Amino acid sequence: MPTGSPLDHFRHRLTAALAQALGIVPESIKLERPRDPSHGDFAFPCFQLAKERKQAPPALASEIAGKLAGLEHISAKTAGPFLNFTIDRTELARRVLTAAFDPAYGGGNEGAGKTIVLDYSSPNIAKRFHIGHLRSTVIGMAIRKMCEARGFRVVGINHIGDWGSQFGKLLTALRRYSSEAALDAAAATGTAIEHLHEIYVHYHEDEEKGGDLAKELAAESRKWFLDLESGAENEARRLWKKMTTLSLAEFERIYRRLNVTFTEIRGESAYEPDLAPTVRRIKEAGVTRISEGALVIDVEGSEKPALLQTGDGTTLYLTRDLASVFYRKETYKFWKAVYVVGSDQRDHFRELKLVVKRLGLPWWDDIEHAYFGMMRLPEGKMSSRKGRVVILEDVLDSAVEQVRTLVREKNPNLQHADEVAEQVGIGAVVFNDLKNDRRRDVVFSWQEVLNFDGETGPYCQYTHARLASIVRKSGQTPSAEADPALAGEGAQLLLAIGRFPETVALAAERFEPHLLASATVELAQLANAYYRDHRVLDAGSQQLVAARLALVEAARRTLARALALLGIAAPAEM
RNA sequence: GCGCCCGUAGCUCAGUUGGAUAGAGCGGCGGUUUCCUAAACCGCAGGCCGCCGGUUCAACUCCGGCCGGGCGUACCA
């Protein structure tokens with residue numbers, strides 16, 4: 001697969017030469033990157049072939065070395081059972097610099113003509129946006145940008161949780177512990193969601209007491225939700241609309257700060273008209289049965305059936321997700337439908353796929369759950385119902401405030417200091433959520449999100465600012481046409497820049513932003529090492545200044561582009 | 001109980017899908033600012049890769065068992 005990497009050229013040369021020397025097809029040649037860069041740029045271990053050919057691996061390695069032909073600009077060397085290859089530094093610099101100066105560097109076209117419907121963020125109405133919601137939001141946004149860079153059409157959908165039986169509870173809570181007037185008053189001071197959240201917590205406290213009270217609450221809530229699902233323009237609907245509007249305003253404020261956008265904000269309630277037809281469609285397929293009063297469907301690999309409708313006739317999460325996946329397939333003809341949703345819902349998405357499969361739809365396996373690990377607190381699982389959450393805006397505010405203090409002390413004359421503090425503070429929080437394998441559970445730690453040293457967003461941003469500063473102070477416009485023979489001195493940095501497109505391709509293919517995030521840290525580390533060892537502005541000859549400047553600019557552009565794909569700003573100064 | 005996921009340095013994590021002496025960051029200790037921003041850089045200390053067995057020329061990586069943790073386990077989402 002062409003990745004658009006300037007290293008592809010060398011790789012192709014190598015696999016072709018090796019295939020010819022060995023008399024096998026190029027596709028079966030697997031090149032590796034040596035652990036130790038001093039061994040070379042590419043490696044070919046000979047163990048497996050040696051075994052097949054009943055030869056000693058080192059003997060085969062030197063035999064191949066003798067037969068290699070057409071390795072223009074690549075030198076080969078054996079190291080025991082390994083064949084190591086090193087790219088000619090001048091040719092490496094020439095190709096990498098030219099590629100990296102292209103504004104679309106890192107892009108590709110393997111996604112051309114393919115549509116990905118990506119479901120991310122999807123918070124619940126009437127609950128505060130907490131640190132756990134951040135994961136889906138920023139992981140989803142990074143996946144979207146990476147996939148778009150690789151040529152996919154991505155439809156980003158915010159599947160707002162604005163439907164379901166919890167609205168019955170919320171309406172009950174509003175009537176019992178508060179009033180519409182009190183909600184309006186809270187809205188006037190911008191605290192409507194806090195207010196709703198509080199009464200929601202109150203409800204669950206009472207519910208936990210059990211007894212008659214809990215029964216009353218449950219009955220009342222059921223009635224409210226039935227009213228809502230009746231479709232009539234009644235009291236329930238009017239209040240529901242009000243809560244929805246108020247919540248969306250808070251979400252908008254956060255998305256603006258995070259620079260997160262959607263193609264479509266379409267809540268679960270939008271599928272309300274599709275629910276009855278969806279249930280009918282599944283019933284008509286003859287795969288449902290009634291169990292304990294509920295409409296269920298059996299799915300393979302599980303003795304428990306999936307529930308489509310409750311004994312009351314109200315719908316469930318699964319029903320609404322089925323309606324929405326049908327809508328998405330019909331509307332967007334997706335190549336893949338990807339859900340950036342927590343790992344606690346793995347069984348749910350397995351059920352969703354298997355129900356679609358049972359309906360005989362061939363695209364069932366195009367549904368993919370790009371799950372992420374749970375965000376927990378040191379004291380245990382977060383819970384909106386128990387009010388035990390870390391509010392995202394508090395985290396963002398703390399991070400920005402802390403950066404503001406740092407800027408004042410480190411760079412007091414900085415222009416637009418507030419804007420930079422916002423970019424770096426947000427960058428720290430976002431990067432912190434992207435840097436590890438998304439499937440891992442994380443325990444929230446203030447100390448970690450507020451750390452700006454080492455493998456962090458601010459470290460990458462700082463490196464970018466340093467590179468930008470060198471270019472700015474040179475007073476020159478860097479050019480990729482600089483003498484590649486001189487730029488070759490930064491081989492490790494050139495290689496890291498050269499790997500960028502294939503990293504984006506892999507991260508997009510696996511929906512794994514952390515692959516890009518860790519490559520970005522590595523790039524920043526190598527850039528730091530480069531300008532530590534190679535003075536740019538006082539390099540001596542004009543040719544050497546131009547060559548080093550070209551490399552600095554190539555690194556700067558790649559770093560900026562990587563951060564952009566991760567949804568992080570790259571200020572020129574900080 | 002059953003199912004899925006995880007266990008790598010004091011802490012948080014990488015480890016290119018089986019290859020060369022297991023790598024970073026934080027924290028600790030020691031250094032580097034008349035030198036393009038010290039949010040940086042350099043050095044040191046710190047590892048039976050949870051445990052036991054198996055497959056393989058080769059296992060942190062694959063398989064089985066055990067121990068420890070997380071999540072899920074039909075009328076919430």
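A, B, ... follow the sequence lines: proteins, then strands. Residue 1 opens every chain. Just so we're clear, the structure is a prediction, and the values are computed from it rather than from any experiment.
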Tell me whether A:F82 is stacked on the nucleobase of B:A20, counting only the six-membered base ring and applying the 5.5 Å and 30° thresholds.
-> yes
Give A:K127 one of three labels, base, sugar-phosphate or nothing, depending on what nucleic acid heavy atoms sit under 4.0 Å from its own.
-> nothing
Checking all strands, does A:Y459 fall into the base, sugar-phosphate, or nothing category for heavy-atom contacts under 4.0 angstrom?
-> sugar-phosphate
Indicate, with a heavy-atom threshold strictly under 4.0 Å, whether A:S291 touches base, sugar-phosphate, or nothing.
-> base
Aromatic stack A:F47/B:G19: centroid gap under 5.5 Å, interplanar angle under 30° | yes
How is A:R472 classified with respect to the nucleic acid when contacts are heavy atoms under 4.0 Å: base, sugar-phosphate, or nothing?
-> nothing
Taking for each residue the nucleotide of RNA chain B bearing the nearest heavy atom, is the 5' side occupied by A:R385 or by A:Y531?
-> A:Y531
Which part of the nucleic acid, if any, lies within contact of A:P81, taking any heavy atom under 4.0 Å across all strands shown: a base, the sugar-phosphate backbone alone, or nothing?
-> nothing
Integer-rounded Å distance: B:A14 P and A:R33 CZ | 17 Å
Would you say the side chain of A:E268 and the base of B:A77 hold a donor-acceptor pair, judged only by whether the two atoms sit under 3.5 Å apart?
-> no
Please step through salt bridge (charged side-chain N to carboxylate O under 4.0 Å, His left out) for the pair A:R548 and A:E489, ending with a clear verdict.
-> CA-CA 9 Å; A:R548 289 183 174 175; A:E489 64 190 7; 2.7 Å; yes
Taking it one step at a time, do A:E32 and A:K30 satisfy salt bridge (charged side-chain N to carboxylate O under 4.0 Å, His left out)?
-> CA-CA 7 Å; A:E32 296 180 357; A:K30 200 189 145 237; 3.6 Å; yes
Is A:Q461 touching bases, backbone alone, or none of the nucleic acid, heavy atoms closer than 4.0 Å?
-> nothing
Give A:K435 one of three labels, base, sugar-phosphate or nothing, depending on what nucleic acid heavy atoms sit under 4.0 Å from its own.
-> nothing
Rounded to whole Å, the CZ-P distance (A:F349 to B:A77) equals 13 Å
Please lay out, stage by stage, how A:R535 and A:D538 fare under the test salt bridge (charged side-chain N to carboxylate O under 4.0 Å, His left out).
-> CA-CA 6 Å; A:R535 304 280 311 166; A:D538 42 10; 3.3 Å; yes
Taking the P atom of each, how far is B:G15 from B:C62, in whole Å?
-> 13 Å
Donor-acceptor contact below 3.5 Å, side chain A:N411 vs main chain A:M574 = yes
Would A:R320 count as a cation-pi partner of A:Y271, with NZ or CZ less than 6.0 Å from the six-membered ring centre and within 45° of the ring normal?
-> no
Aromatic-base stack, A:H39 on B:A20, cutoff 5.5 Å, angle under 30 | yes
Scan A:R466 against the nucleic acid and name what it touches under 4.0 Å (heavy atoms): base, sugar-phosphate only, or nothing.
-> base
Ignoring hydrogens and angles, answer whether the base of B:A77 and the side-chain atoms of A:D162 contain a donor-acceptor pair closer than 3.5 Å.
-> no
Where is the tightest heavy-atom contact between A:A524 and A:Y459, given as atom of each residue plus distance?
-> CB-CE2, 3.6 Å
A:E351 CD to B:C76 P, straight-line distance once rounded to whole Å | 14 Å
Pairwise C1' distance for B:U12 and B:G28, with rounding to whole Å = 16 Å
Between atom CG in A:D344 and atom P in B:C5, what is the gap in whole Å?
-> 16 Å
What is the distance from CG of A:N84 to C1' of B:G19, rounded to the nearest Å?
-> 12 Å
Pick base, sugar-phosphate or nothing for A:K51, based on heavy-atom distances below 4.0 Å to the nucleic acid.
-> base
Between B:G70 (C1') and A:E379 (CD): distance, integer Å | 16 Å
If you measure from the C1' atom in B:U55 to the same atom in B:G64, how many Å do you get, rounded?
-> 11 Å
When all nucleic acid strands are considered with a 4.0 Å heavy-atom cut-off, which category describes A:A50: base, sugar-phosphate, or nothing?
-> nothing
So, is the end of the A:R11 side chain (NZ or CZ) under 6.0 Å from the ring centre of A:F85 and within 45° of the ring's axis?
-> no
Protein-nucleotide distance (A:L83, atom CG; B:A20, atom P), rounded to Å | 16 Å
Across the strands shown, which category fits A:V424 at heavy-atom distances under 4.0 angstrom: base, sugar-phosphate, nothing?
-> base
Would you say the side-chain atoms of A:D312 pair up with the backbone N or O of A:T314, donor to acceptor, closer than 3.5 Å?
-> no
Can you find a donor-acceptor pair, distance only, under 3.5 Å between A:S165 side chain and B:A77 base?
-> no
Between B:C51 and B:A45, how far apart are the P atoms? Round to whole Å, please.
-> 24 Å
Indicate, with a heavy-atom threshold strictly under 4.0 Å, whether A:R510 touches base, sugar-phosphate, or nothing.
-> base
Kindly point out which of B:C5, B:A77, B:U16 is positioned nearest to the side chain of A:Q345?
-> B:A77
When rounded to whole Å, the CZ to C1' distance for the pair A:R350 and B:C71 reads 15 Å
Quick one: label A:D437 by what it contacts on the DNA or RNA (base, sugar-phosphate, nothing), any heavy atom closer than 4.0 Å.
-> sugar-phosphate
Quick note, A:S469 side chain, CB onward, closest among B:C36, B:G19, B:G72 is B:C36
